[in-house]
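Heads up: the structure comes next, in C-alpha coordinates.
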Protein chains: 2
Amino acid sequence: MTMKIDPQSSADLSAQIAQAIRDAIISGQLIVDERLPSESELADQFKVSRPTVREALKRLAAQSLIRTQRGATGGAFVNRLSFEDAYSQQVTTSTLLLSMNAVNFDTACEARYALERACAPLSAQRRTADQLATMRAEIFRQAQPGLTDEAFCASDVAFHRALVDGAGNPVLSYQLAGAVEAMQPLMNMITFTARSREQIIALHTAIADALETQDARKVDAALVKLEVYTRQLAQDVAEKRRKPA
Amino acid sequence: MTMKIDPQSSADLSAQIAQAIRDAIISGQLIVDERLPSESELADQFKVSRPTVREALKRLAAQSLIRTQRGATGGAFVNRLSFEDAYSQQVTTSTLLLSMNAVNFDTACEARYALERACAPLSAQRRTADQLATMRAEIFRQAQPGLTDEAFCASDVAFHRALVDGAGNPVLSYQLAGAVEAMQPLMNMITFTARSREQIIALHTAIADALETQDARKVDAALVKLEVYTRQLAQDVAEKRRKPA
DNA sequence: CAATTTTTATTTGTCTGACATTTAAAAGTC
DNA sequence: GACTTTTAAATGTCAGACAAATAAAAATTG
(Lines give C-alpha, C1' and ligand atoms only; values in the text may rest on other atoms or scores of the structure.)
Protein backbone atom coordinates (compact mmCIF):
# COMPACT_ATOMS: atom_id res chain seq x y z
CA MET A 1 0.00 0.00 0.00
CA THR A 2 1.64 3.18 -1.15
CA MET A 3 -0.21 6.44 -1.19
CA LYS A 4 1.01 9.64 -2.78
CA ILE A 5 0.21 13.28 -2.44
CA ASP A 6 0.72 15.97 -5.04
CA PRO A 7 3.73 18.11 -4.07
CA GLN A 8 2.36 20.90 -6.30
CA SER A 9 -0.92 21.34 -4.53
CA SER A 10 -1.38 24.42 -2.43
CA ALA A 11 -3.81 22.84 0.02
CA ASP A 12 -2.91 21.93 3.57
CA LEU A 13 -0.72 18.87 3.84
CA SER A 14 -3.03 17.35 6.42
CA ALA A 15 -5.99 17.80 4.06
CA GLN A 16 -4.07 16.20 1.20
CA ILE A 17 -3.03 13.25 3.32
CA ALA A 18 -6.56 12.79 4.62
CA GLN A 19 -7.84 12.79 1.05
CA ALA A 20 -5.22 10.25 -0.05
CA ILE A 21 -6.23 7.86 2.72
CA ARG A 22 -9.92 8.56 2.13
CA ASP A 23 -9.50 7.68 -1.53
CA ALA A 24 -7.72 4.49 -0.58
CA ILE A 25 -10.65 3.51 1.61
CA ILE A 26 -13.31 4.39 -0.94
CA SER A 27 -11.51 2.58 -3.73
CA GLY A 28 -11.11 -0.51 -1.61
CA GLN A 29 -7.32 -0.44 -1.35
CA LEU A 30 -7.85 -0.29 2.37
CA ILE A 31 -10.49 -2.67 3.63
CA VAL A 32 -12.64 -2.65 6.73
CA ASP A 33 -10.77 -3.35 9.97
CA GLU A 34 -7.41 -3.10 8.24
CA ARG A 35 -4.79 -1.36 10.31
CA LEU A 36 -3.13 1.72 8.91
CA PRO A 37 0.62 2.15 9.35
CA SER A 38 1.54 3.82 12.63
CA GLU A 39 1.64 7.59 12.78
CA SER A 40 5.43 7.58 12.63
CA GLU A 41 5.44 5.30 9.60
CA LEU A 42 2.85 7.45 7.84
CA ALA A 43 4.93 10.51 8.63
CA ASP A 44 7.92 8.85 6.96
CA GLN A 45 5.88 7.70 3.96
CA PHE A 46 4.39 11.11 3.29
CA LYS A 47 7.56 12.92 4.35
CA VAL A 48 5.80 15.08 6.91
CA SER A 49 5.87 15.35 10.68
CA ARG A 50 3.74 13.33 13.04
CA PRO A 51 1.49 16.25 14.09
CA THR A 52 0.59 16.76 10.44
CA VAL A 53 -0.28 13.08 10.08
CA ARG A 54 -2.33 13.29 13.25
CA GLU A 55 -4.33 16.23 11.93
CA ALA A 56 -5.10 14.18 8.84
CA LEU A 57 -6.19 11.20 10.93
CA LYS A 58 -8.46 13.39 13.06
CA ARG A 59 -10.17 14.60 9.91
CA LEU A 60 -10.92 11.01 8.98
CA ALA A 61 -12.02 10.17 12.50
CA ALA A 62 -14.52 13.05 12.34
CA GLN A 63 -16.14 11.29 9.39
CA SER A 64 -16.12 7.94 11.20
CA LEU A 65 -13.85 6.56 8.47
CA ILE A 66 -11.28 5.36 10.98
CA ARG A 67 -11.16 4.56 14.66
CA THR A 68 -8.04 4.65 16.82
CA GLN A 69 -6.89 2.47 19.65
CA ARG A 70 -4.08 3.06 22.05
CA GLY A 71 -1.61 0.53 23.30
CA ALA A 72 0.81 -2.03 21.95
CA THR A 73 -1.45 -3.50 19.26
CA GLY A 74 -3.25 -0.21 18.76
CA GLY A 75 -3.30 2.13 15.82
CA ALA A 76 -5.79 3.52 13.33
CA PHE A 77 -8.19 1.05 11.77
CA VAL A 78 -10.54 1.43 8.85
CA ASN A 79 -13.95 1.67 10.42
CA ARG A 80 -17.04 -0.05 9.12
CA LEU A 81 -19.41 2.87 8.73
CA SER A 82 -22.49 1.72 10.59
CA PHE A 83 -26.01 2.78 9.72
CA GLU A 84 -26.11 4.38 13.14
CA ASP A 85 -23.04 6.52 12.51
CA ALA A 86 -24.28 7.51 9.09
CA TYR A 87 -27.67 8.26 10.60
CA SER A 88 -26.35 10.68 13.20
CA GLN A 89 -24.03 12.39 10.72
CA GLN A 90 -26.99 12.89 8.45
CA VAL A 91 -29.06 14.44 11.24
CA THR A 92 -26.26 16.84 12.19
CA THR A 93 -25.68 17.89 8.61
CA SER A 94 -29.36 18.35 7.85
CA THR A 95 -29.95 20.34 11.01
CA LEU A 96 -27.12 22.71 10.22
CA LEU A 97 -28.11 22.98 6.60
CA LEU A 98 -31.64 24.03 7.52
CA SER A 99 -30.66 26.39 10.32
CA MET A 100 -27.84 28.11 8.44
CA ASN A 101 -29.56 28.65 5.15
CA ALA A 102 -32.84 30.09 6.29
CA VAL A 103 -34.69 27.40 4.39
CA ASN A 104 -38.27 28.29 3.69
CA PHE A 105 -40.53 26.33 5.99
CA ASP A 106 -42.80 25.23 3.15
CA THR A 107 -39.81 23.87 1.24
CA ALA A 108 -38.59 21.80 4.17
CA CYS A 109 -42.10 20.65 4.96
CA GLU A 110 -42.80 19.64 1.39
CA ALA A 111 -39.58 17.64 1.19
CA ARG A 112 -40.20 15.93 4.48
CA TYR A 113 -43.72 14.79 3.67
CA ALA A 114 -42.89 13.82 0.12
CA LEU A 115 -40.24 11.47 1.46
CA GLU A 116 -42.36 10.18 4.29
CA ARG A 117 -45.23 9.43 1.93
CA ALA A 118 -42.77 7.41 -0.12
CA CYS A 119 -42.35 5.12 2.89
CA ALA A 120 -46.03 4.81 3.63
CA PRO A 121 -46.98 2.04 1.16
CA LEU A 122 -44.05 -0.12 2.21
CA SER A 123 -44.77 0.52 5.85
CA ALA A 124 -48.44 -0.40 5.44
CA GLN A 125 -47.32 -3.67 3.94
CA ARG A 126 -44.55 -4.60 6.36
CA ARG A 127 -44.83 -2.76 9.67
CA THR A 128 -44.30 -5.15 12.57
CA ALA A 129 -46.58 -5.41 15.59
CA ASP A 130 -43.72 -3.96 17.59
CA GLN A 131 -43.49 -0.84 15.45
CA LEU A 132 -47.25 -0.41 15.64
CA ALA A 133 -47.05 -0.69 19.42
CA THR A 134 -44.34 1.99 19.47
CA MET A 135 -46.58 4.31 17.52
CA ARG A 136 -49.53 3.70 19.82
CA ALA A 137 -47.34 4.33 22.84
CA GLU A 138 -46.13 7.62 21.42
CA ILE A 139 -49.68 8.71 20.66
CA PHE A 140 -50.56 7.90 24.26
CA ARG A 141 -47.63 9.95 25.48
CA GLN A 142 -48.64 12.85 23.26
CA ALA A 143 -52.05 12.91 24.92
CA GLN A 144 -50.62 13.43 28.41
CA PRO A 145 -51.68 16.86 29.65
CA GLY A 146 -48.47 17.85 31.42
CA LEU A 147 -46.21 17.20 28.46
CA THR A 148 -43.74 19.97 27.61
CA ASP A 149 -43.44 21.22 24.06
CA GLU A 150 -39.98 19.69 23.75
CA ALA A 151 -41.21 16.30 24.90
CA PHE A 152 -44.17 16.49 22.53
CA CYS A 153 -41.83 17.22 19.66
CA ALA A 154 -39.51 14.37 20.61
CA SER A 155 -42.46 12.02 20.75
CA ASP A 156 -43.63 13.30 17.39
CA VAL A 157 -40.24 12.49 15.92
CA ALA A 158 -40.28 9.02 17.51
CA PHE A 159 -43.72 8.37 16.03
CA HIS A 160 -42.67 9.31 12.53
CA ARG A 161 -39.43 7.41 12.87
CA ALA A 162 -41.40 4.28 13.72
CA LEU A 163 -43.51 4.89 10.64
CA VAL A 164 -40.39 5.13 8.47
CA ASP A 165 -38.74 2.13 10.10
CA GLY A 166 -41.94 0.21 9.39
CA ALA A 167 -40.89 0.05 5.76
CA GLY A 168 -38.26 -2.43 6.89
CA ASN A 169 -35.63 -0.89 4.67
CA PRO A 170 -32.52 0.33 6.52
CA VAL A 171 -31.33 2.36 3.55
CA LEU A 172 -34.64 4.17 3.49
CA SER A 173 -34.53 4.74 7.25
CA TYR A 174 -31.07 6.20 6.90
CA GLN A 175 -32.02 8.49 4.04
CA LEU A 176 -35.07 9.73 5.92
CA ALA A 177 -33.18 10.45 9.12
CA GLY A 178 -32.33 14.01 8.18
CA ALA A 179 -35.76 14.77 6.79
CA VAL A 180 -37.57 13.68 9.92
CA GLU A 181 -35.23 14.63 12.74
CA ALA A 182 -33.82 17.88 11.43
CA MET A 183 -37.34 19.23 11.13
CA GLN A 184 -37.75 19.13 14.90
CA PRO A 185 -36.29 22.57 15.61
CA LEU A 186 -38.35 24.05 12.81
CA MET A 187 -41.49 22.39 14.14
CA ASN A 188 -40.70 23.82 17.57
CA MET A 189 -41.44 27.25 16.24
CA ILE A 190 -44.96 26.08 15.56
CA THR A 191 -46.04 23.65 18.23
CA PHE A 192 -45.90 26.24 20.97
CA THR A 193 -49.34 27.14 19.74
CA ALA A 194 -50.52 24.40 22.03
CA ARG A 195 -54.09 23.92 20.90
CA SER A 196 -52.89 22.04 17.83
CA ARG A 197 -52.06 18.92 19.78
CA GLU A 198 -55.54 17.32 19.63
CA GLN A 199 -55.60 17.68 15.88
CA ILE A 200 -52.16 16.15 15.49
CA ILE A 201 -53.00 13.27 17.80
CA ALA A 202 -56.15 12.58 15.80
CA LEU A 203 -54.15 12.38 12.59
CA HIS A 204 -51.50 10.21 14.21
CA THR A 205 -54.25 7.87 15.34
CA ALA A 206 -55.64 7.77 11.82
CA ILE A 207 -52.19 6.83 10.54
CA ALA A 208 -51.74 4.09 13.12
CA ASP A 209 -55.21 2.72 12.41
CA ALA A 210 -54.55 2.65 8.68
CA LEU A 211 -51.21 0.93 9.20
CA GLU A 212 -52.88 -1.63 11.42
CA THR A 213 -55.34 -2.53 8.68
CA GLN A 214 -52.53 -2.22 6.10
CA ASP A 215 -54.44 0.37 4.16
CA ALA A 216 -51.77 2.30 2.28
CA ARG A 217 -54.19 4.79 0.75
CA LYS A 218 -55.57 5.81 4.11
CA VAL A 219 -52.05 6.27 5.47
CA ASP A 220 -51.24 8.50 2.56
CA ALA A 221 -54.43 10.50 2.99
CA ALA A 222 -53.69 11.09 6.66
CA LEU A 223 -50.13 12.18 5.88
CA VAL A 224 -51.42 14.63 3.32
CA LYS A 225 -53.82 16.04 5.90
CA LEU A 226 -50.97 16.33 8.38
CA GLU A 227 -48.88 18.19 5.85
CA VAL A 228 -51.70 20.57 5.00
CA TYR A 229 -52.38 21.17 8.67
CA THR A 230 -48.71 21.78 9.46
CA ARG A 231 -48.33 24.28 6.66
CA GLN A 232 -51.51 26.01 7.70
CA LEU A 233 -50.18 26.36 11.23
CA ALA A 234 -46.91 27.78 9.95
CA GLN A 235 -48.80 30.28 7.85
CA ASP A 236 -50.91 31.35 10.83
CA VAL A 237 -47.82 31.86 12.94
CA ALA A 238 -46.17 33.88 10.19
CA GLU A 239 -49.31 36.01 9.81
CA LYS A 240 -49.59 36.63 13.53
CA ARG A 241 -45.97 37.73 13.54
CA ARG A 242 -46.57 40.20 10.76
CA LYS A 243 -49.42 41.99 12.56
CA PRO A 244 -49.26 41.05 16.23
CA ALA A 245 -52.86 41.83 17.27
CA MET B 1 -18.33 33.13 24.57
CA THR B 2 -17.01 30.63 27.05
CA MET B 3 -17.02 26.94 26.30
CA LYS B 4 -16.27 24.20 28.78
CA ILE B 5 -15.20 20.60 28.57
CA ASP B 6 -15.76 17.91 31.15
CA PRO B 7 -12.47 17.18 32.96
CA GLN B 8 -13.88 13.78 33.99
CA SER B 9 -14.45 12.47 30.50
CA SER B 10 -12.15 9.81 29.21
CA ALA B 11 -12.45 10.79 25.57
CA ASP B 12 -9.69 12.51 23.64
CA LEU B 13 -9.28 16.14 24.52
CA SER B 14 -9.39 17.10 20.86
CA ALA B 15 -12.69 15.25 20.44
CA GLN B 16 -14.15 16.96 23.49
CA ILE B 17 -13.06 20.38 22.31
CA ALA B 18 -14.42 19.73 18.84
CA GLN B 19 -17.74 18.71 20.38
CA ALA B 20 -17.86 21.81 22.57
CA ILE B 21 -17.35 24.08 19.58
CA ARG B 22 -19.74 22.01 17.47
CA ASP B 23 -22.42 22.39 20.13
CA ALA B 24 -21.81 26.12 20.23
CA ILE B 25 -22.37 26.30 16.48
CA ILE B 26 -25.46 24.12 16.46
CA SER B 27 -27.02 25.99 19.36
CA GLY B 28 -26.39 29.31 17.69
CA GLN B 29 -23.92 30.67 20.23
CA LEU B 30 -21.51 30.93 17.34
CA ILE B 31 -23.06 32.37 14.22
CA VAL B 32 -22.13 32.06 10.57
CA ASP B 33 -18.93 33.91 9.58
CA GLU B 34 -18.09 34.60 13.21
CA ARG B 35 -14.39 34.28 13.94
CA LEU B 36 -13.31 31.84 16.59
CA PRO B 37 -10.57 32.86 19.03
CA SER B 38 -7.08 32.19 17.69
CA GLU B 39 -5.55 28.79 18.27
CA SER B 40 -3.37 30.14 21.07
CA GLU B 41 -6.35 31.73 22.78
CA LEU B 42 -8.38 28.54 22.49
CA ALA B 43 -5.44 26.61 23.91
CA ASP B 44 -5.43 28.95 26.91
CA GLN B 45 -9.21 28.79 27.34
CA PHE B 46 -9.36 25.01 27.29
CA LYS B 47 -6.04 24.67 29.10
CA VAL B 48 -4.53 22.43 26.44
CA SER B 49 -1.69 22.80 23.97
CA ARG B 50 -2.02 24.27 20.52
CA PRO B 51 -1.57 20.96 18.66
CA THR B 52 -4.54 19.58 20.57
CA VAL B 53 -6.64 22.59 19.63
CA ARG B 54 -5.56 22.18 16.03
CA GLU B 55 -6.64 18.54 15.98
CA ALA B 56 -10.04 19.66 17.23
CA LEU B 57 -10.30 22.33 14.54
CA LYS B 58 -9.35 19.85 11.82
CA ARG B 59 -12.18 17.62 12.94
CA LEU B 60 -14.59 20.50 12.47
CA ALA B 61 -13.05 21.43 9.14
CA ALA B 62 -13.62 17.88 7.93
CA GLN B 63 -17.33 18.42 8.49
CA SER B 64 -17.23 21.80 6.74
CA LEU B 65 -18.31 23.45 9.99
CA ILE B 66 -15.41 25.90 9.93
CA ARG B 67 -12.97 27.28 7.39
CA THR B 68 -9.54 28.66 8.17
CA GLN B 69 -7.55 31.51 6.75
CA ARG B 70 -3.94 32.37 7.29
CA GLY B 71 -2.53 35.80 7.86
CA ALA B 72 -2.98 38.81 10.06
CA THR B 73 -6.80 38.92 9.99
CA GLY B 74 -7.04 35.17 9.53
CA GLY B 75 -8.32 32.51 11.85
CA ALA B 76 -11.08 29.94 11.96
CA PHE B 77 -14.54 31.09 10.91
CA VAL B 78 -17.89 29.42 11.28
CA ASN B 79 -18.74 28.22 7.82
CA ARG B 80 -22.15 28.48 6.22
CA LEU B 81 -22.83 24.88 5.28
CA SER B 82 -23.79 25.11 1.63
CA PHE B 83 -26.17 22.73 -0.09
CA GLU B 84 -23.24 21.79 -2.28
CA ASP B 85 -21.04 20.81 0.67
CA ALA B 86 -23.86 18.90 2.30
CA TYR B 87 -24.59 17.23 -1.02
CA SER B 88 -21.07 15.90 -1.51
CA GLN B 89 -20.78 14.78 2.12
CA GLN B 90 -24.00 12.89 1.68
CA VAL B 91 -22.75 11.15 -1.45
CA THR B 92 -19.50 10.11 0.23
CA THR B 93 -21.29 8.79 3.29
CA SER B 94 -23.91 6.92 1.29
CA THR B 95 -21.32 5.38 -0.99
CA LEU B 96 -19.28 4.09 1.92
CA LEU B 97 -22.35 2.92 3.77
CA LEU B 98 -23.48 0.82 0.81
CA SER B 99 -20.05 -0.55 -0.05
CA MET B 100 -19.04 -1.41 3.51
CA ASN B 101 -22.22 -3.05 4.65
CA ALA B 102 -22.89 -5.39 1.79
CA VAL B 103 -26.32 -3.88 1.37
CA ASN B 104 -28.69 -6.11 -0.49
CA PHE B 105 -29.16 -4.77 -4.00
CA ASP B 106 -32.94 -5.03 -3.79
CA THR B 107 -32.95 -3.00 -0.58
CA ALA B 108 -30.90 -0.20 -2.09
CA CYS B 109 -32.91 -0.28 -5.28
CA GLU B 110 -36.22 -0.17 -3.46
CA ALA B 111 -35.10 2.81 -1.37
CA ARG B 112 -33.80 4.67 -4.35
CA TYR B 113 -36.92 4.30 -6.46
CA ALA B 114 -39.27 4.93 -3.55
CA LEU B 115 -37.54 8.26 -3.00
CA GLU B 116 -37.35 9.12 -6.65
CA ARG B 117 -41.03 8.41 -7.14
CA ALA B 118 -41.70 10.84 -4.31
CA CYS B 119 -40.16 13.56 -6.47
CA ALA B 120 -42.02 12.63 -9.62
CA PRO B 121 -45.34 14.42 -8.99
CA LEU B 122 -43.59 17.64 -8.02
CA SER B 123 -41.24 17.37 -10.96
CA ALA B 124 -44.11 16.80 -13.38
CA GLN B 125 -45.68 19.98 -12.09
CA ARG B 126 -42.63 22.23 -11.98
CA ARG B 127 -39.80 20.97 -14.17
CA THR B 128 -38.31 23.81 -16.20
CA ALA B 129 -37.69 23.69 -19.93
CA ASP B 130 -34.01 23.73 -19.10
CA GLN B 131 -34.23 20.61 -16.96
CA LEU B 132 -36.25 18.87 -19.64
CA ALA B 133 -33.57 19.78 -22.19
CA THR B 134 -30.89 18.32 -19.91
CA MET B 135 -32.78 15.07 -19.74
CA ARG B 136 -33.23 14.91 -23.51
CA ALA B 137 -29.53 15.61 -23.98
CA GLU B 138 -28.56 12.83 -21.62
CA ILE B 139 -30.89 10.41 -23.41
CA PHE B 140 -29.21 11.40 -26.67
CA ARG B 141 -25.82 10.77 -25.15
CA GLN B 142 -26.92 7.40 -23.84
CA ALA B 143 -27.84 6.35 -27.37
CA GLN B 144 -24.32 6.94 -28.72
CA PRO B 145 -22.85 3.60 -29.78
CA GLY B 146 -19.28 4.16 -28.60
CA LEU B 147 -20.22 5.10 -25.08
CA THR B 148 -18.30 3.32 -22.31
CA ASP B 149 -20.14 1.71 -19.44
CA GLU B 150 -18.78 4.33 -17.04
CA ALA B 151 -19.96 7.18 -19.24
CA PHE B 152 -23.37 5.55 -19.63
CA CYS B 153 -23.67 5.29 -15.87
CA ALA B 154 -22.62 8.89 -15.37
CA SER B 155 -25.20 10.01 -17.90
CA ASP B 156 -27.80 7.88 -16.18
CA VAL B 157 -27.05 9.63 -12.91
CA ALA B 158 -27.22 13.04 -14.60
CA PHE B 159 -30.60 12.14 -16.07
CA HIS B 160 -32.06 11.12 -12.74
CA ARG B 161 -30.53 14.09 -11.01
CA ALA B 162 -32.28 16.39 -13.47
CA LEU B 163 -35.52 14.58 -12.70
CA VAL B 164 -35.05 15.15 -8.98
CA ASP B 165 -33.98 18.76 -9.43
CA GLY B 166 -37.14 19.23 -11.49
CA ALA B 167 -39.10 19.20 -8.24
CA GLY B 168 -37.59 22.60 -7.59
CA ASN B 169 -36.98 21.79 -3.94
CA PRO B 170 -33.34 22.11 -2.88
CA VAL B 171 -33.96 20.20 0.35
CA LEU B 172 -35.36 17.33 -1.64
CA SER B 173 -32.45 17.44 -4.08
CA TYR B 174 -30.03 17.29 -1.19
CA GLN B 175 -31.80 14.42 0.49
CA LEU B 176 -31.89 12.45 -2.74
CA ALA B 177 -28.21 12.99 -3.52
CA GLY B 178 -27.05 9.88 -1.72
CA ALA B 179 -29.85 7.72 -3.03
CA VAL B 180 -29.16 8.55 -6.66
CA GLU B 181 -25.40 8.98 -6.82
CA ALA B 182 -24.28 6.29 -4.42
CA MET B 183 -26.16 3.71 -6.47
CA GLN B 184 -23.83 4.26 -9.39
CA PRO B 185 -21.16 1.74 -8.33
CA LEU B 186 -23.85 -0.82 -7.59
CA MET B 187 -25.46 -0.21 -10.97
CA ASN B 188 -22.05 -0.70 -12.56
CA MET B 189 -22.21 -4.35 -11.61
CA ILE B 190 -25.25 -4.65 -13.81
CA THR B 191 -24.92 -2.39 -16.80
CA PHE B 192 -22.00 -4.32 -18.20
CA THR B 193 -24.65 -6.57 -19.65
CA ALA B 194 -24.73 -4.11 -22.47
CA ARG B 195 -27.88 -5.12 -24.28
CA SER B 196 -30.00 -3.47 -21.61
CA ARG B 197 -29.26 0.02 -22.87
CA GLU B 198 -32.09 0.21 -25.42
CA GLN B 199 -34.61 -0.74 -22.80
CA ILE B 200 -33.32 1.86 -20.36
CA ILE B 201 -33.28 4.56 -23.01
CA ALA B 202 -36.87 3.72 -23.94
CA LEU B 203 -37.96 4.13 -20.33
CA HIS B 204 -35.98 7.34 -19.96
CA THR B 205 -37.73 8.66 -23.04
CA ALA B 206 -41.09 7.69 -21.57
CA ILE B 207 -40.22 9.62 -18.41
CA ALA B 208 -39.12 12.70 -20.34
CA ASP B 209 -42.26 12.58 -22.49
CA ALA B 210 -44.49 12.30 -19.44
CA LEU B 211 -42.70 15.17 -17.75
CA GLU B 212 -43.10 17.26 -20.86
CA THR B 213 -46.87 16.76 -20.80
CA GLN B 214 -46.83 17.09 -17.00
CA ASP B 215 -48.44 13.70 -16.59
CA ALA B 216 -47.41 12.62 -13.09
CA ARG B 217 -49.04 9.23 -13.32
CA LYS B 218 -47.16 8.29 -16.46
CA VAL B 219 -43.89 9.37 -14.89
CA ASP B 220 -44.61 7.17 -11.93
CA ALA B 221 -45.54 4.23 -14.14
CA ALA B 222 -42.29 4.55 -16.10
CA LEU B 223 -40.27 4.73 -12.89
CA VAL B 224 -41.96 1.59 -11.62
CA LYS B 225 -41.11 -0.18 -14.87
CA LEU B 226 -37.52 1.00 -14.57
CA GLU B 227 -37.32 -0.35 -11.03
CA VAL B 228 -38.79 -3.69 -12.04
CA TYR B 229 -36.43 -3.92 -14.97
CA THR B 230 -33.39 -3.02 -12.88
CA ARG B 231 -34.21 -5.61 -10.26
CA GLN B 232 -34.81 -8.21 -12.94
CA LEU B 233 -31.39 -7.51 -14.39
CA ALA B 234 -29.77 -7.81 -10.99
CA GLN B 235 -31.50 -11.12 -10.47
CA ASP B 236 -30.30 -12.40 -13.86
CA VAL B 237 -26.74 -11.41 -13.06
CA ALA B 238 -26.95 -13.11 -9.69
CA GLU B 239 -28.35 -16.25 -11.30
CA LYS B 240 -25.68 -16.34 -13.96
CA ARG B 241 -23.06 -16.04 -11.25
CA ARG B 242 -24.51 -18.99 -9.36
CA LYS B 243 -24.30 -21.39 -12.33
CA PRO B 244 -21.95 -19.90 -14.92
CA ALA B 245 -23.05 -21.79 -18.07
C1' DC C 1 -0.24 65.35 -0.75
C1' DA C 2 -1.00 60.91 -2.99
C1' DA C 3 0.69 56.72 -4.48
C1' DT C 4 3.74 53.20 -3.78
C1' DT C 5 6.80 50.42 -1.25
C1' DT C 6 8.52 48.53 2.93
C1' DT C 7 8.01 47.06 7.44
C1' DT C 8 5.64 44.88 11.05
C1' DA C 9 2.43 42.22 13.69
C1' DT C 10 -0.69 38.49 13.76
C1' DT C 11 -2.25 34.08 12.60
C1' DT C 12 -2.19 29.58 10.66
C1' DG C 13 0.94 25.76 8.92
C1' DT C 14 4.66 22.73 9.99
C1' DC C 15 8.53 20.65 12.41
C1' DT C 16 11.35 18.62 16.26
C1' DG C 17 11.69 16.30 20.31
C1' DA C 18 10.04 14.95 24.46
C1' DC C 19 7.08 12.72 27.99
C1' DA C 20 2.57 10.45 29.55
C1' DT C 21 -0.69 6.82 29.09
C1' DT C 22 -2.56 2.70 27.51
C1' DT C 23 -2.27 -1.92 26.13
C1' DA C 24 -0.88 -6.54 25.02
C1' DA C 25 2.68 -9.54 24.76
C1' DA C 26 6.93 -11.32 26.77
C1' DA C 27 9.60 -12.47 30.68
C1' DG C 28 10.00 -13.74 35.17
C1' DT C 29 8.40 -15.85 39.61
C1' DC C 30 6.17 -18.91 42.71
C1' DG D 1 0.87 -24.07 35.23
C1' DA D 2 -0.94 -19.81 37.05
C1' DC D 3 0.14 -15.44 38.41
C1' DT D 4 2.90 -11.19 38.50
C1' DT D 5 6.14 -8.07 36.60
C1' DT D 6 8.51 -6.06 32.93
C1' DT D 7 8.89 -4.33 28.48
C1' DA D 8 7.89 -2.54 24.02
C1' DA D 9 4.90 -0.21 20.91
C1' DA D 10 1.44 2.75 19.93
C1' DT D 11 -1.48 6.83 20.57
C1' DG D 12 -2.26 11.19 23.40
C1' DT D 13 -0.34 15.46 24.96
C1' DC D 14 2.87 19.11 25.59
C1' DA D 15 6.43 22.93 24.78
C1' DG D 16 8.79 25.72 21.85
C1' DA D 17 10.35 27.03 17.54
C1' DC D 18 10.33 28.60 12.70
C1' DA D 19 7.97 29.24 8.01
C1' DA D 20 4.55 31.38 5.26
C1' DA D 21 0.73 34.19 4.37
C1' DT D 22 -1.74 38.31 4.93
C1' DA D 23 -3.41 42.81 6.02
C1' DA D 24 -2.57 46.89 8.41
C1' DA D 25 0.72 50.37 9.60
C1' DA D 26 4.75 52.96 8.57
C1' DA D 27 8.04 54.75 5.59
C1' DT D 28 9.41 56.32 1.19
C1' DT D 29 9.08 58.64 -3.08
C1' DG D 30 7.28 61.22 -7.01
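Sequence lines set the chain letters: A, B, ... in the order given, protein chains first and strands last, and positions in each chain run from 1. Side chains are part of it too, since the values below use all heavy atoms of this structure and drop only hydrogens, waters and symmetry mates.
- Atom pair E55(B):CD and dT13(D):P shows a separation of 7 Å (rounding to whole Å applied).
- Consecutive Watson-Crick or G-U pairs involving DNA chain C, each under 3.5 Å on both distances, make up stems of three or more pairs at C:1-30 with D:1-30.
- Judged purely by atom type and a 3.5 angstrom limit, T95(B) uses its side chain to pair as donor or acceptor with the backbone of V91(B).
- Residue T68(A) places its side chain closer to dT11(D) than to any other of dT11(D), dT14(C), dC14(D).
- Side chain of Q16(A) to backbone of A11(A): a donor-acceptor contact under 3.5 angstrom is found.
- In this entry the distance linking CZ of R67(B) with C1' of dT22(D) reads 16 Å, nearest Å.
- One can place NZ of K47(A) at 18 Å from C1' of dT16(C), the figure rounded to the nearest angstrom.
- In this structure, the CG atom of D44(A) is 13 Å from the P atom of dG17(C), given to the nearest Å.
- Counting only heavy atoms from C-beta on, R35(A) has its side chain closest to dA10(D) among dA10(D), dC14(D), dG13(C).
- A distance-only check finds a donor-acceptor pair linking the side chain of R80(A) to the backbone of M100(B) [under 3.5 Å].
- Distance from the side chain of E39(B) is smallest for dT12(C) among the nucleotides dT13(D), dT12(C), dC14(D).
- Formation of a donor-acceptor pair under 3.5 Å by the R50(B) side chain with backbone atoms of S40(B) is not found in this model.
- Atom CG in L42(A) sits roughly 15 Å away from atom C1' in dA9(D) (whole-Å rounding).
- Taking only distance into account, the side chain of R50(B) meets the base of dT14(C) through a donor-acceptor pair shorter than 3.5 Å.
- The side chain of D12(A) approaches dG13(C) more closely than any other nucleotide in the set dT13(D), dC15(C), dG13(C).
- Under the 3.5 Å distance criterion, the side-chain polar atoms of S123(B) are left unmatched by any main-chain donor or acceptor of C119(B).
- In this structure, the side chain of Q131(A) engages the main chain of D165(A) through a donor-acceptor pair within 3.5 Å.
- At distances below 3.5 Å, not a single donor-acceptor pair connects side-chain atoms of S94(A) with backbone N or O atoms of A179(A).
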Problem set entry | Pair Q19(A)-D23(A), side chain to side chain donor-acceptor pair (under 3.5 Å): steps then yes or no | CA-CA 6 Å; Q19(A) 191 59 52; D23(A) 287 345; 2.9 Å; yes
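- In summary, K58(A) and E55(A) do not engage in a salt bridge, as defined by a charged side-chain N under 4.0 Å from a carboxylate O.
- Between the side chain of R35(A) and the main chain of G74(A), a donor-acceptor pair closer than 3.5 Å is present.
- A heavy atom closer than 4.0 Å to some atom of DNA chain C occurs in no member of residues 59-66 of chain A.
- As a whole-Å value, the separation of L13(A) CG from dA20(D) P is 12 Å.
- Looking only at distances, a side-chain donor or acceptor of N101(A) sits under 3.5 Å from a matching main-chain atom of L97(A).
- Within the 3.5 Å criterion, the main-chain N or O of R67(B) finds no donor-acceptor partner in the side chain of N79(B).
- Considering only side-chain atoms of R54(B), the nucleotide from dA15(D), dT12(C), dT13(D) that sits closest is dT12(C).
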Shorter than 3.5 Å, N or O on both sides, protein versus nucleotides 22-24 of chain C: list them out with atom names.
unit_1	atom_1	unit_2	atom_2	d
dT22(C)	O2	G71(A)	N	3.3
dT23(C)	O2	A72(A)	N	2.9

